[in-house]
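In what follows, a structure is listed as C-alpha cells, so that the remarks can point back to it.
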Amino acid sequence: MRDYVPRRDVIVAALLGAGIAGFASYPTPERPDHEVKYFGTAAPVSLASTLIALGVTATLTVVIVWLIVRAPQAGINEADTATDNAWRHDAVRRLVHTCTAVFAIVFTALAFWYADRQWDWRAGGSPAWGLALSVLAGLGLATFGYYAGALVVTPLRPSEGAPTDAAGQISADGAAG
C-alpha cells in the first residue's frame, strides 16, 4: 500500500482528524442565536453523529483502497499491466483526496463555529482565540480547496509502456482507438 497511498495526504488527513477530535473534546458552543429567536428553544448540540460519519468515511476509504491495491489484473501483457497500475494509482489518489477533503471541510466548519463563539467577548469569549481559530479555519478551507481542486483538475501523465498517440488510447468504454 505504501507504493499507492501518498504519505503526505495520509499525514494531512491524520492531522485534520486530530484537530476534529480536539474540537470534539471541548464543550460545543451553543446554537446560533437566530435559532432560539425563531423557534424559542434549541436542542443541545452533539458532535457524535459527525464523528461517527467521519469514522465510517475513513474506514470505508481504507477498505476500498486496500481492495484496489490488492486486486491487480493477472495474466495480461506489459502495456495492460502499466495501464492497470496507472488506473489503480489514480483511483487510490482520488479516494484519499476525497477522504481528506471531507475531513478538511468538517475541520473548517468546526473551527469557524468555535471561532464565532470566541469573537463575542461580551459572552465570555476571547477575540484573540477567535482570531486564532479563524486563521486555523482559513487553513482548513485552503486545505479543502487544494484537495477538492485536485479531484477536479487532474494532470494527465502518460504511464510508462502505455501508448501515447491518440489512436492507441483506451476510451472510457474500454475500446481502443
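Treat the numbers as computed from the prediction; the structure is a model and nothing was measured.
A side-chain contact (heavy atoms from CB on, under 4.5 Å) with V5 holds for exactly one of V62, V10, L95; it is V10.
Placement of V102 and I52 in two distinct hydrophobic clusters is found when ILVMFWY residues are connected by side-chain heavy-atom separations under 4.5 Å, directly or transitively. Linking Ile, Leu, Val, Met, Phe, Trp and Tyr whenever their side-chain heavy atoms come within less than 4.5 Å puts L133 and Y26 in one cluster. A continuous path of Ile, Leu, Val, Met, Phe, Trp and Tyr side chains, each step under 4.5 Å between heavy atoms, connects Y146 with F103, placing both in one hydrophobic cluster. Linking ILVMFWY residues whenever their side-chain heavy atoms come closer than 4.5 Å, directly or via other members, places V106 and L51 in the same cluster. I20 and F112 fall into different hydrophobic clusters, where Ile, Leu, Val, Met, Phe, Trp and Tyr residues are linked whenever their side-chain heavy atoms come under 4.5 Å apart, directly or through other members.
Taking CZ of R93 as the reference point, atom OH of Y147 lies at 11.0 Å (rounded to 0.5 Å). Taken from OG1 in T59 to CD1 in I64, the straight-line distance is 10.5 Å, to the nearest 0.5 Å. Interatomic distance, D84 CG to H89 NE2, rounded to the nearest 0.5 Å: 11.0 Å. Within the model, atoms CG of L54 and OG1 of T61 stand 10.5 Å from one another, a figure rounded to the nearest 0.5 Å. To the nearest 0.5 Å, atoms CG (L47) and OG (S25) are separated by 10.0 Å. Distance OG1/T98 to CG/D9: 11.0 Å, rounded to 0.5 Å.
Not counting sequence neighbours, the partners of R70 by the side chain to side chain contact (heavy atoms under 4.5 Å, CB included) test are W66. The side chain to side chain contact (heavy atoms under 4.5 Å, CB included) test applied to A18 returns no partner, not counting sequence neighbours.
Contact between L151 and H97 at its shortest, heavy atoms only, is CD2-CB, 3.7 Å. Nearest heavy-atom pair, I68 versus W87, reported as atom, atom and distance to 0.1 Å: CG2-CZ3, 4.2 Å. When all heavy atoms of D80 and N77 are compared, the closest pair comes out as N-OD1, 2.8 Å. Heavy-atom minimum distance, G130 versus A115: O-CB, 3.6 Å. The shortest heavy-atom contact between C99 and A58 is SG-CA, 4.2 Å.
Y114 contributes a side-chain N or O that, together with a main-chain N or O of F23, makes up a donor-acceptor pair within less than 3.5 Å. For the pair T108 (side chain) and G140 (backbone), a donor-acceptor distance under 3.5 Å is present.
The closest side-chain heavy-atom distance from F107 to L136 is below 4.5 Å.
Using a 3.5 Å distance cut-off with no hydrogens or angles, the side chains of S126 and W119 do not pair a donor with an acceptor.
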